[in-house]
Amino acid sequence: MAIQPLRDTKAGVLRTPDIGRTVRIAGWVARRRDHGGVIFIDVRDASGIVQVVLNPEDAPASEEVLHGLRSEYCIAVEGTVEARPAGTVNPDLPTGEVDLVASSLTVLSAADPLPFQITDRVDVDEAKRLEYRYLDLRRDKMANNLKARSRTVQAMRRVLDADEFLEVETPTLIASTPEGARDMLVPSRMRQGHFYALPQSPQLFKQMLMVAGIERYYQIARCYRDEDLRADRQLEFTQLDLEGSFWGQEDVLETLESVVCEVVKDVRGIELSRPFARLTYAESMERYGTDKPDTRFAMEIADLSAVFAGTGFKAFAGVLAGGGTIRGINAGALGLARSGLDAQVDRAIDLGAKGLVWMVVQEDGSLRSPVAKFLSDDEIVGIKRTLDAAVNDVLFIVADAPKVVGKVLGSLRLDHGQPAGHEDLNFLFVVDFPVFEETDEGGLVAAHHPFTSPHSVAEMRDNPGDALSNAYDMVLNGVELGSGSVRIHDPVVQQQVFEVLGISEEEADLRFGWFVRALRFGTPPHAGFAIGVDRFVSILQNEPNIREVIPFPKTQTGGDPLTGSPAIVDDTQLGELGLLIAPAVRAAWADESDL
RNA sequence: GGGGGCGUGGUGAAGUCUGGAGUUCACGCCGGCCUGUCAAGCCGGAGGUCGCGGGUUCAAAUCCCGUCGCUCCCGCCA
């Protein structure tokens, strides 16, 4: 019979002041050291680990039971907390000054031999970890990640609740909208041939809540985007979504700062200085070649167009004549051999450049480079001065359209300068995003959702390439943590924006008619934001991918090795939904079941 | 859709380039010894269709083709 109650104390909290107490703990066998006589068992529960001493003369259980204990057996122990004998204190363990000397031990649940060891010391294949995620989550690192995630969300709620935000849930079965990411679809049984979509974000609903007079809303919202996965992207992910009425951009950014500071204080134990840096989109692109700069290191992009204004180097002269630009970075003393430098050229070409010029500053001040012979003395001086170059520094120069130059140099900058982990936290806001982004073909597409207010509708219509919007991103260590905007609250402006974005009146009316109608009933000016919780926690925990802070994530091909999702459903279910599977797909099912 | 990396007893790695007996290391597992260890120790043992399929070869973990899975990246992610 098991001891009742199973436990009255947590394993990880026992300390010297507890010496002499008789306690009951329950947990898992993390490690056993069986000396034939005395046996030491590290018992782990959610609070930590304590060493249990099983003395044969105390006979806490039969010899068979005691020597039969194995890794991850779930057990209950009653015993006395005792001081460890001199010289046997374990300073690496919070409970290391005490032993729990067992008077009784019960096996609550045995465990099969493990598919992998429960330890942070070995990197097990991730598919195997996911297949046995319940064991993987027993590891300290994963348990700590889940704790950090919980503390993160609690800190968010604490700040927003104190600021009188209302936590409101919005539907997850909604109508599909074709813009943006691919929707995750759910077929309707009651209206066959019709589909719900899972929300990519609660965008329109939170705006409805502003119309509804909620004034301050937030939600820890699950969002879904049916796009290819990455280290920082899952099919489903979590956002802290918030919105406020009678708000402008500064109100949003200040609220975000207070939320983020509380989270970082709680999880990392450090005070961030406020306000966070603010950078315009244009400045960010200019200096870092990206809209999500990692500002933990400099290596900024410098414009060399002036240096080469009258150059005799035809490749550069041609780019300048064609309206392109010439920029470079100083990657520092990389110590690369010729082959390593040429590999950078390949990398640049992969990124879309026609080429890359590298230069290495020599002891005598000259530049070693494939193009050195084309450069004048003035140009060499100008390059070194502009890039602040010292001996042995490697300089990378790209001449192309500004967009290409920024992408290539921005990527090389990260390749050679980005710190490995996330020891330091550099938050910043990027503001004044353009309304439109240029496509590779030179066309314009909306950079944001169509509910973002432009600085000026007239400018947006007359000069779309330069028009700015009241949209902003939060960036942490080169990762886009979230984005938001001041919304359009005037139905007339909203109609105009649809028009400029190329959404016809009929189309706008069909898809967003209900939304524009809502705006006609006294809509307060409002603005909001959403923070990616998974990304935030993964950075705080110094994890390389967000799966490490998600208890049951999907693999890169969207599957769950534990439960086998996604799965084929039977014909009865399909019939209820009025769905037929295409013959080719059915044939593939047959192949699958042959495996 | 495209490019890169990986797949070897239960786990992690080496072996693959340069073909020659399933070889090696660490952990785990099983058995024995062992009363103060804490990644316990010592001794012994079991355990693999080298992801899968095909090809080349006297001979394939190794070379070639295909395929599956995991992963990183490009595209995609308003």
Side-chain angles (χ1 to χ4, degrees), chain A residues 30-43 49-58 66-68 70-72 82 84-93 95-96 99 101 112-132 135-136 177-183 200-201 203 223-235 237 346-347 349-352 407 411 414-415 433 435-437 439-440 444-452 469 471 480 483 485 501-503 532 544-545 547 554-559 561 591-592 594-595:
Chain A
R31 218 158 265 131
R32 74 198 154 91
R33 293 174 290 280
D34 185 341
H35 288 235
V38 68
I39 302 171
F40 299 98
I41 303 280
D42 290 342
V43 175
I49 281 179
V50 71
Q51 172 166 280
V52 170
V53 181
L54 306 173
N55 281 317
E57 53 266 31
D58 298 340
L66 294 179
H67 292 292
R70 291 294 180 271
S71 290
E72 298 303 310
E82 294 187 5
R84 290 200 181 188
T88 64
V89 166
N90 183 349
D92 298 329
L93 215 55
T95 60
D99 283 328
V101 179
D112 285 348
L114 303 171
F116 50 80
Q117 293 169 64
I118 312 294
T119 170
D120 290 337
R121 292 178 18 244
V122 178
D123 285 327
V124 179
D125 176 66
E126 193 165 347
K128 185 72 71 177
R129 290 174 56 201
L130 293 180
E131 185 182 350
Y132 295 93
L135 296 179
D136 190 42
T177 54
E179 321 46 43
R182 194 177 294 112
D183 277 325
Q200 297 176 29
S201 81
Q203 182 61 36
C223 303
Y224 305 83
R225 291 179 190 174
D226 191 2
E227 298 290 349
D228 288 350
L229 291 81
R230 287 281 192 285
D232 62 352
R233 282 164 29 190
Q234 283 271 304
L235 295 177
F237 60 100
D346 294 338
R347 166 81 170 140
I349 289 168
D350 283 346
L351 290 163
K407 182 179 177 190
S411 298
L414 292 176
D415 288 349
F433 270 74
V435 176
F436 296 99
E437 272 173 2
T439 64
D440 290 333
L444 293 177
V445 292
H448 299 277
H449 58 66
F451 318 108
T452 298
S469 65
E480 181 194 323
S483 61
S485 63
L501 291 176
I503 301 173
N545 73 65
R547 296 184 301 276
K554 305 284 188 287
T555 66
Q556 194 158 43
T557 50
D591 292 345
E592 206 174 305
D594 286 345
L595 292 179

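Hydrogens, waters and symmetry mates play no part in the numbers below; they use all other heavy atoms, side chains included. Letters A, B, ... mirror the listed sequences (proteins, then strands); counts begin at 1. Note that the structure is predicted; figures quoted are calculated from it, not measured.
Residue A:Arg33 has a polar side-chain atom (N or O) positioned under 4.0 Å from OP1 or OP2 of B:rA40. Phosphate contact (OP1/OP2 of B:rC70, side-chain N/O of A:Thr555, threshold under 4.0 Å): present. In this model, the phosphate group of B:rC72 is approached by a side-chain N or O of A:Arg547 to a distance below 4.0 Å at OP1 or OP2. A:Lys407 has a side-chain polar atom (N or O) that falls below the 4.0 Å cut-off from OP1 or OP2 of B:rG75. Between A:Arg182 and B:rA78 there is no side-chain polar atom (N or O) within less than 4.0 angstrom of OP1 or OP2. Residue A:Thr557 places at least one side-chain N or O closer than 4.0 Å to OP1 or OP2 of B:rC70. The shortest distance between the side-chain N/O atoms of A:Lys128 and the OP1/OP2 oxygens of B:rC70 is not below 4.0 Å. The phosphate of B:rC72 has OP1 or OP2 within less than 4.0 Å of a side-chain N or O from A:Gln556.
The distance between atom CG of A:Asp42 and atom C1' of B:rA40, rounded to the nearest whole Å, is 11 Å. B:rC34 atom C1' lies 10 Å from atom NE2 of A:His67, rounded to whole Å. At whole-Å resolution of the value, CD in A:Glu131 and C1' in B:rC70 are 12 Å apart. A:Leu66 places its CG atom 13 Å from the C1' atom of B:rU35, with the value rounded to the nearest Å. Straight-line distance from the CG atom of A:Asp183 to the C1' atom of B:rC76: 14 Å, rounded to whole Å. Rounded to whole Å, the distance from CD on A:Glu437 to C1' on B:rG75 is 15 Å. In this structure, CG of A:Asp34 is placed 12 Å from P of B:rG36, rounded to the nearest angstrom. Rounded to a whole Å, the CZ atom of A:Arg233 is 9 Å from the P atom of B:rG75.
Under a 3.5 Å cut-off, the side chain of A:Arg225 and the backbone N or O of A:Gln200 do form a donor-acceptor pair. In this structure, the side chain of A:Arg70 does not engage the main chain of A:Pro113 through any donor-acceptor pair within 3.5 Å.
Interatomic distance, A:Gln51 CD to A:Leu93 CG, rounded to the nearest 0.5 Å: 8.0 Å. Atoms CG and NE2, from A:Leu54 and A:His67 in turn, are 9.0 Å apart once rounded to the nearest 0.5 Å. Rounding to the nearest 0.5 Å gives a distance of 7.0 Å between CG of A:Leu130 and CG of A:Asp136. For the atom pair CG (A:Asp112) and CG (A:Leu135), the distance works out to 10.0 Å, reported to the nearest 0.5 Å.
When both pairing distances are held under 3.5 Å, B:rU49 makes no Watson-Crick or G-U pair with any nucleotide shown. Pairing of B:rG20, defined by two Watson-Crick or G-U wobble distances under 3.5 Å, is identified with B:rC58. Across all strands shown, B:rC6 forms a Watson-Crick or G-U wobble pair with B:rG69, both key distances being under 3.5 Å. Shown here, B:rG44 forms a base pair with B:rC30; the pair counts as Watson-Crick or G-U wobble because both key distances fall under 3.5 Å.
Taking atom C1' on both nucleotides, B:rG20 is separated from B:rU62 by 11 Å, rounded to a whole Å. Straight-line distance between the P atoms of B:rG4 and B:rA78: roughly 28 Å, to the nearest whole Å. To the nearest whole angstrom, the two P atoms, one in B:rC64 and one in B:rG69, are 22 Å apart. When the P atom is used for both B:rG2 and B:rG9, the distance is 30 Å, rounded to whole Å. Of the C1' atoms belonging to B:rC52 and B:rG1, the separation is 24 Å, rounded to the nearest Å. Rounded to whole Å, the separation between the P atoms of B:rC30 and B:rC65 comes to 44 Å. Of the P atoms belonging to B:rC43 and B:rC34, the separation is 16 Å, rounded to the nearest Å. B:rA60 and B:rA21: their C1' atoms are spaced 13 Å apart (whole Å).
Every residue two or more places apart in sequence or in another chain that forms a ring pair (Phe, Tyr, Trp, His ring centres under 6.0 Å) with A:His35 is listed here: A:Phe40.
Within the nucleic acid shown, A:Asp99 comes within 4.0 Å of at least one base atom, counting heavy atoms only. At a threshold of 4.0 angstrom between heavy atoms, the contacts of A:Pro450 include nucleobase atoms, whether or not backbone atoms are also involved. If you check every strand for non-hydrogen atoms under 4.0 Å, A:Asn90 touches a base.
Comparing B:rC72, B:rA78, B:rG36 by their nearest atom to the side chain of A:Arg84 picks out B:rG36. Of the candidate nucleotides B:rA78, B:rC73, B:rG36, B:rG36 has the atom nearest to the side chain of A:Val53. Looking at the side chain of A:Val124, the nearest of the listed nucleotides B:rC77, B:rG12, B:rC70 is B:rG12. When each of B:rC38, B:rU37, B:rU71 is scored by its nearest atom to the side-chain atoms of A:Phe40, the top-ranked nucleotide is B:rU37. Closest to the side chain of A:Val38, from the set B:rU35, B:rC72, B:rC77, is B:rU35. For A:Gln203, taking side-chain heavy atoms from C-beta onward, the closest of the listed nucleotides B:rA78, B:rU35, B:rC70 is B:rA78. Relative to the side chain of A:Arg31, the nucleotides B:rA40, B:rC38, B:rA78 differ in distance, and B:rA40 lies closest.
Side-chain atoms of A:Asp183 and A:Asp226, non-hydrogen and from C-beta on, never get closer than 4.5 Å to each other.
By the criterion of a centre-to-centre distance under 5.5 Å and near-parallel planes under 30°, the ring of A:Phe116 forms no stack with the base of B:rU11. Using a 5.5 Å limit on the distance between ring centres and a 30° limit on the angle between planes, the aromatic ring of A:His35 does not count as stacked on the six-membered base ring of B:rG36.
A:Ile39 approaches A:Ile41 most closely through the heavy-atom pair CG2-CD1, 3.9 Å. Here the closest non-hydrogen pair linking A:Leu235 and A:Gly558 is CD1-CA, 4.0 Å.
We find that A:Glu126 and A:Arg547 are joined by a salt bridge, their nearest charged nitrogen and carboxylate oxygen being less than 4.0 Å apart.
Between A:Glu126 and A:Val101, the residue anchored closer to the 5' end of RNA chain B is A:Val101, taking for each the nucleotide with the nearest heavy atom.
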**Item:** Per-nucleotide protein contact string for nucleotides 1-8 of chain B, where B marks a base within reach and S marks sugar-phosphate only (heavy atoms under 4.0 Å, - for neither)
**Value:** B-------
**Fill in**
Going 5' to 3' through nucleotides 26-31 of chain B and flagging B where a protein heavy-atom sits under 4.0 Å of the base, S where only the sugar-phosphate is that close, and - otherwise, we get -BSSSS
**Request:** Let me see the working for A:Leu114 and A:Glu72 under side chain to side chain contact (heavy atoms under 4.5 Å, CB included), right down to the final yes or no.
**Result:** CA-CA 8 Å; A:Leu114 303 171; A:Glu72 298 303 310; 3.7 Å; yes
**Request:** Run the numbers on A:Ser411 and A:Arg347 for side chain to side chain contact (heavy atoms under 4.5 Å, CB included), then give the verdict.
**Result:** CA-CA 9 Å; A:Ser411 298; A:Arg347 166 81 170 140; 3.9 Å; yes
**Intermediate values then yes/no, side chain to side chain contact (heavy atoms under 4.5 Å, CB included), A:His448 and A:Ser485** = CA-CA 9 Å; A:His448 299 277; A:Ser485 63; 6.0 Å; no
